[in-house]
Colleague: 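Pasting a structure below so you can have a look.
These numbers were taken from a predicted model, which means no experiment stands behind them. In what follows, chains are A, B, ... by sequence order, proteins preceding strands, each numbered from 1.
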Amino acid sequence: MTTQQSAIYYPAGEIEEFLPQIGRVVEIKDHELAVFRTSDGTIFAAENRNPHPKGGPLAEGIVSGYYLYDPLYDWKIDLNTGLVQAPDQGQVQMYSVKIENGQVWIAL
Amino acid sequence: MNGNKEKLVIIGNGMAGISTVEQILKLSSRFDITVFGTEPYPNYNRIMLSYVLEGSKTIDDIVLNDLHWYEDYGITLHTGTTITRIESETREVVTAEGLRFPYDKVIIATGSSSFILPVPGHDKQGVVGFRDIADCNVMLEAAKQYKKAAVIGGGLLGLEAAKGLVQLGMEVTVVHLMQDLMERQLDPQASAMLKTELERQGIRFKMGAQTAELLGGERVEGIRFADDSVLNTDFVVMAVGIKPNTGVARESGLEVNRGIVVDDYMQTSLNNVYSVGECTEHRGVCYGLVAPLFEQGMILAKHICGVDTAPYEGSVVSTKLKISGVDVFSTGEFIDSPEHTIISHKDDWKRTYKKILLRDNIMVGAVLFGDITDSAELQKLIKQQAEMTDELYASLMGTGCGGHKKATSVETMAEDEIVCGCNGVTKGTIVDAITNEGLTSVDEIKACTGATRSCGGCKPVVEQILQYVLGDNFTAGAKQGICACTSLSRDEIVAEIRQKGLQTTKEVMHVLGWNQPEGCSKCRPAINYYLGMIAPDTHVDEKESRFVNERMNANIQKDGTYTVVPRMYGGVTTPEDLKRIADISVKYDVKAVKVTGGQRLDLIGVKKEDLPKVWAELDMPSGYAYAKSLRTVKTCVGSQFCRFGTQDSMAMGALLERKFERLDLPAKFKYAVNGCPRNCAESCTKDIGIVGNDGGWEIFIGGNGGIKARLADSLCKVKTDEELVELCGAIMQHYRETANYLERTSEWVERVGLEQIRAVVVEDVKERKALMERIEFALEQVEDPWKKALRNEEGQNKLFQGIEVSARP
């Protein structure tokens with residue numbers, strides 16, 4: 001798991017702005033993130049870049065539990081760690097998230 | 001809360017109460033709902049407790065509705081709160097602490113609890129029932145400290161508890177009063193086979209044993225039986241049966257026999273008080289299984305919301321034992337009696353047993369052991385009270401002379417030949433994986449090598465390789481489900497959805513025991529499709545269970561931009577439309593405009609956030625170039641302009657496209673319509689290909705020009721346009737109802753057989769009309785997705801727009 005050092009939290013909107021199990025792109029400074037709200041209300045923020053060699057976005061994948069199936073190549077990605085599940089390999093950069101009073105904060 | 005709403009109180013936060021609430025929420029928002037539960041948890045799936053005990057699931061895995069769900073629907077949930085009575089004069093329910101809550105309507109769904117044998121010593125420490133999470137936790141704790149366990153009761157629950165305790169490392173003896181296990185669900189034959197199998201798995205049995213006393217000091221130390229023999233044990237699970245929880249009903253003066261007495265609409269003897277699930281007694285029967293509570297809940301929900309409903313007339317119950325590796329199933333009447341005709345087959349070598357019971361040639365019950373593949377089919381037939389026929393007999397019992405498997409060409413295939421073109425997997429890699437890793441299924445090969453995981457076109461070849469490498473061991477492989485999340489086949493799932501009236505993918509996955517609770521990218525879209533196919537009028541499409549293309553109504557490209565394809569009925573457009581397409585392409589800076597293989601225009605490279613604007617400005621119907629739906633109808637110019645044309649193919653193409661567009665199908669679907677047998681629109685490679693001739697049309701089906709090229713088969717000839725449209729509709733509906741999700745017609749025709757399709761849609765006129773009626777009904781529900789998205793501005797924002805955060809933290 002990649003952890004952020006000296007992270008600064010940015011407000012990324014109300015939790016209601018994220019549809020359950022449907023990703024949304026959030027741009028913070030120069031970073032493009034794919035933000036997912038799982039069915040239990042947990043929010044995950046990933047770099048919106050497919051770890052597949054051909055790249056592409058992640059935000060449009062299918063969310064199941066804490067896993068993401070990427071929209072282009074159907075790779076299975078663990079949202080807790082960003083790790084791509086076997087037989088494929090790779091890791092997505094994940095960012096820390098906290099929720100306070102319905103407000104989503106993402107750390108860069 | 002909202003004072004205008006009727007106050008609906010649910011007593012009991014279990015599966016029956018909450019599934020009724022889920023049904024009510026679908027029908028009406030007129031209730032302000034409050035739920036009281038004695039347990040300190042949100043609603044969970046009690047039938048999966050066995051898996052928690054067995055260790056294959058955690059308690060979190062079996063939660064059906066988490067706290068967010070209650071919040072989302074504005075339901076007030078009181079956990080850890082017991083209602084003791086209902087006061088009808090003041091219309092209030094009263095809690096154990098004496099708090100009062102007003103109601104307009106009440107549903108009692110208190111379920112049932114373990115029946116504890118009233119023998120001396122039953123209240124000692126270390127004696128539990130097996131009913132809820134608390135019991136489950138006690139058992140998990142006991143296994144850490146103690147060695148020997150006894151389970152009193154050799155029924156479904158007792159055996160599942162015993163298996164769980166064995167799994168936890170305990171030495172387990174099942175004590176049973178009768179000579180046969182599960183005697184209420186199995187006949188003596190199946191019961192004996194089950195006992196042998198469980199002994200093999202390490203469970204001991206003491207049969208014909210009547211418990212007289214539990215021995216020990218404060219904590220249980222042994223069981224003394226009626227014949228004075230003694231079994232030493234550190235822990236006792238009572239699983240001798242359940243008793244309906246009727247306390248609150250009795251306190252409130254309701255009519256109670258064994259359970260709370262209800263009529264065919266789940267109404268109790270008190271006005272505005274209803275009861276559902278295991279606590280009820282309907283026509284003298286108390287059910288202890290899950291299927292009836294769904295059926296009861298659905299009827300109650302409709303009744304309470306004022307929606308017309310047929311009365312509840314009781315359920316045909318079926319039983320499945322949830323112990324891994326032991327497949328047992330029974331349904332309907334299963335104990336032989338003289339009025340039954342019995343069809344049975346017992347195979348001691350394969351350790352399988354199958355029995356079907358007939359009364360006056362009507363199927364009334366069945367028992368399966370070892371192989372329960374036919375369970376869904378049998379359940380359906382018995383529910384329908386089907387008559388046994390030669391065909392049914394042959395399909396259920398086999399004809400006894402299985403033909404030889406087809407010779408395959410994989411033997412001669414070179415080792416370095418690529419089998420999976422998407423992921424570059426060779427035959428050699430697959431063969432190595434099978435031999436070195438000991439793989440036995442396509443799914444394992446997929447997980448290990450990546451073969452079949454993208455387009456799936458190579459799956460048949462992979463299957464053949466598997467078969468070839470494993471030889472006779474091939475069938476020994478585990479039963480294949482539709483994906484790694486389940487072992488159920490497509491047909492079993494569809495049958496369960498129909499029978500249990502399941503309505504969401506989540507419900508399907510919970511009720512049918514998915515091993516990944518929210519499914520995967522393979523099964524979620526498939527289940528969403530099956531639900532919509534079965535109930536086109538009430539199914540709420542789940543955007544989150546759609547592939548990105550279908551969710552966005554546009555085709556994603558590898559860089560994350562999209563392709564927009566407007567409809568062009570029959571491949572015909574106008575100069576005005578062309579002009580608009582050109583203007584918009586310039587305005588939104590599309591990267592390419594391309595003519596597709598189906599005679600339409602691709603606008604490639606539209607940004608996601610621009611999609612709604614492009615649709616609005618085009619003001620044309622969606623071409624569904626992204627969907628599992630009717631894509632294009634390719635046409636020649638036909639009799640309008642062609643000197644050879646005998647039929648107006650352009651008009652017929654446009655007519656068919658307008659009629660059948662938008663409907664969800666198992667896979668993408670293409671038509672071609674030709675004005676004459678010269679076949680310029682290439683009917684031979686389309687799902688439905690139509691060729692005009694002098695006296696009418698000839699219909700071809702199952703053609704494919706794609707990954708698995710196949711020439712279409714001639715299905716039939718028709719004389720009139722009306723017959724043509726009717727046959728096309730019947731073919732499409734038959735395909736909708738019987739194909740696997742993502743199965744193209746080329747595969748479907750080969751799997752189902754051209755003759756079968758012809759028999760259904762061409763020869764059986766009655767069925768053809770019925771199919772046409774069903775597709776017409778489904779077509780009434782469709783709507784253009786672009787227009788729909790444009791109307792819903794808020795949803796549109798969340799779906800298509802990103803969020804930009806200013807750099808200020």
Colleague: Side chains of Glu542(B) and Gln21(A): is there a donor and an acceptor less than 3.5 Å apart?
Modeller: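 Their side chains do not contain a donor-acceptor pair, so the 3.5 Å distance test is not met.
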Colleague: How about Glu100(A): does its CD atom have over 12 heavy atoms from other parts shown lying under 6.0 Å from it?
Modeller: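 Above 12, so yes.
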Colleague: Which bit of Val26(A) is near chain B, if near means a heavy-atom gap under 4.5 Å: side chain, backbone, both or neither?
Modeller: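 Both the backbone and the side chain of Val26(A) come within 4.5 Å of chain B.
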Colleague: Show the nearest heavy-atom pair for residues Ile556(B) and Pro57(A), with the distance to one decimal.
Modeller: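 Heavy-atom minimum between the residues: CD1-CG, 4.1 Å.
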Colleague: Closest approach of Pro71(A) and Val548(B), non-hydrogen atoms and distance?
Modeller: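 Taking Pro71(A) first and Val548(B) second, the nearest heavy atoms are CB-CG1, 3.8 Å.
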Colleague: Answer with side chain, backbone, both or neither: which region of Lys608(B) has an atom nearer than 4.5 Å to a non-hydrogen atom of chain A?
Modeller: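 Only the side chain of Lys608(B) comes within 4.5 Å of chain A.
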Colleague: Of all heavy-atom pairs between Ile62(A) and Glu544(B), which one has the smallest distance, and what is that distance?
Modeller: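 Heavy atoms only, the tightest pair is CG2-O, 4.2 Å.
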Colleague: For chain A, find which of Ser521(B), Gly560(B), Gly519(B) contributes the most heavy-atom pairs closer than 4.5 angstrom.
Modeller: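 Of the candidates given, the most pairs with chain A belong to Ser521(B).
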Colleague: I'd like to know which of Glu17(A), Glu27(A), Arg24(A), Lys76(A) tops the heavy-atom pair count under 4.5 Å against chain B.
Modeller: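 Winner by heavy-atom pair count: Arg24(A).
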Colleague: Testing the basics here: between Ile22(A) and Lys543(B), what is the closest heavy-atom pair and its distance to 0.1 Å?
Modeller: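 Smallest interatomic distance, heavy atoms only, reads CD1-CB, 3.9 Å.
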Colleague: Determine whether more than 12 heavy atoms belonging to other residues, nucleotides or ligands lie under 6.0 Å from atom CG of Asn436(B).
Modeller: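 Yes, enclosed.
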Colleague: Is there side-chain contact between Lys522(B) and Asp74(A), with heavy atoms separated by less than 4.5 Å?
Modeller: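 They are in contact (side-chain heavy atoms under 4.5 Å apart), so the answer is yes.
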Colleague: Checking heavy atoms, do the side chain of Ser39(A), its backbone, both or neither come under 4.5 Å from chain B?
Modeller: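 Both backbone and side chain of Ser39(A) come within 4.5 Å of chain B.
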Colleague: What is the minimum heavy-atom distance between Glu60(A) and Arg551(B), and which atoms define it?
Modeller: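 Taking every non-hydrogen atom into account, O-NH1, 3.3 Å.
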Colleague: Under a 4.5 Å cut-off applied to non-hydrogen side-chain atoms, are Tyr73(A) and Lys558(B) in contact?
Modeller: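 A side-chain contact exists here, since the closest heavy-atom pair is under 4.5 Å.
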Colleague: Please confirm whether the backbone N or O of Asp40(A) pairs with a side-chain atom of His68(B), one donor and one acceptor, at under 3.5 Å?
Modeller: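 Flag set: sc His68(B) to bb Asp40(A) pair under 3.5 Å.
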Colleague: Is atom NZ of Lys668(B) surrounded by more than 12 heavy atoms (other residues, nucleotides or ligands) closer than 6.0 Å?
Modeller: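 Open.
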Colleague: To check you understand the geometry: which heavy-atom pair defines the closest contact between Cys520(B) and Tyr69(A), and what is its length?
Modeller: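 Closest approach of Cys520(B) to Tyr69(A): CB-OH, 3.0 Å.
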Colleague: Please state whether the side chain, the backbone, both or neither of Gln557(B) comes within less than 4.5 Å of a heavy atom of chain A.
Modeller: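 Looking at Gln557(B), just its backbone touches chain A.
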